[in-house]
Amino acid sequence: MSTGTNADISKMKNEPDGAFRRKPSSFRSHITKDGQYTPEKGRYHLYVSYACPWATRTLIMRKLKGLEDFVGVTVVSPRMGVNGWPLGDVDPFPAAEPDLINGAQHIKDLYHKVQPDYDGRYTVPVLWDKKTSTIVNNESSEIIRMFNSEFNDQLSPAEAKLDFYPEELRAEVDSVNEWVYDTVNNGVYKSGFATSQSAYEAAVIPLFKSLDRLENMLEGKEYLIGNRLTEADVRLFVTIVRFDPVYVGHFKCNIRTIRNGYPNLHLWMRKLYWNIPAFKETCNFEHIKTHYYWSHPMINPHRVVPVGPEPNILPL
Ligand SMILES: N[C@@H](CCC(=O)N[C@@H](CS)C(=O)NCC(=O)O)C(=O)O
C-alpha cells in the first residue's frame, strides 16, 4: 500500500550512512513488432519534465529520430511539491501543459490509475500506451533504445538509417554508459542528496574523477565514441548542460565548473547544443533552474532560485 508520502521528495529516506540510493524503475515493458506493444503511429505518449535529465534524454532521441508525429508529449510544471509533479492546469507555469489524455492532475495519478497499490516513486519520463491505457515503461535508458530502433519500418529511409546504438560500438557504449551513469548522471544526485559529509565526498570526488576522464576522452574529438553521435553523448549531455546552472550550486558539485575547468567537455556540450536542434529545442533553463531550487526544500528551504550563471550556456 502507498505510504502516502512517496510523492513528497523532501520526505525521501536515505540509507543509514546518509547516502542516496536510486530505486530501480518499475515499468519495464517494451515496444516491439512481435510483442504486446507494437510500434504504431500515435499510439504512445510521453509525460516529461523539461527539468529532468532522464526525461530529456527521451525528448532528444524522439527529435533525433523524427518521431514527433509518432509519439506525443505532455510537459509537466517544474515545481514538484508534496504531490510530486503537477500538470500545467494545476500549476500554470510557462510551457507546462494539462493532461489531455488522462486528465491527471499530478503524475502520481497515472501510476495509481495503472496500479492502485503502486508504492514506488512517481517519476518522469512515463511512456504511456493510449490503446491499453497503461504505462509501458518509465526507464529512460530503455525508452531511448526503443525510439532508436522500433519505429524504423515506418520512418523515412534517412531517419530509419540513423542509429545511435550501432552494433559495432555497443560494447563501448555500454561500458561508458555504466560508469558515466554511476558517477556522473547519478553522481550529481548522490552528491546533492547526501545527508552526511562522508556520503557527499564519496560521490563528489568520483564525479570529478569521471569528468577528468571524459575531458581526456574528448581531446580533439567531436563525440565520445567512434567519431559519431551515439546515445552515450545524449546520456552525458543532459547532465553536463545542467552542471553550471544547477549542480555546481544546488548539489555542491563545485570542485570545478564546466565552463572554467573542462575546455573539451565545454566545447563538446556547446557544439551539441548550438548545432543540433534536438538538443537546444529540448533544453528549457527556466524549468531546469526552477525545478531543482524550488523542489528540494530539504536542500534549499527558502526556494530562492539564483540569478546566475549568466548566460546559462555560453555561445560557441
Ligand atoms: N530511472 C529513471 C529515473 C527518473 C527520475 O528519477 N526522474 C526524477 C526527475 S529528474 C523524478 O521524476 N523524481 C520524482 C521523485 O522521485 O519523486 C529514468 O532514468 O527514467
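Just follow the structure's listing: the first ligand is 1, and inside any ligand the first atom is 1. Remember, predicted model here, so these are calculated numbers, not experimental data.
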**Request:** Taking the six-membered ring of Trp85 (Phe, Tyr or Trp), confirm whether the NZ or CZ of Arg79 is under 6.0 Å from its centre and within 45° of its axis.
**Result:** no
**Message:** Residues around ligand 1, heavy atom under 4.0 Å from any ligand atom, sorted by chain and number. Can you pull those?
**Reply:** Ile9, Arg22, Ser25, Cys52, Pro53, Trp54, Met80, Trp85, Arg121, Tyr122, Thr123, Val124, Pro125, Asn138, Glu139, Ser140, Tyr189
Given the side-chain rings of [X] and [Y], with only the six-membered ring counted for Trp, is the space between their centroids under 6.0 Å?
X      : Y      : value
Phe27  : Trp128 : no
Tyr47  : His45  : yes
Tyr118 : Tyr111 : yes
Tyr50  : Phe285 : no

**Prompt:** So, Thr38 side chain and Asp34 main chain: donor-acceptor pair closer than 3.5 Å or not?
**Reply:** no
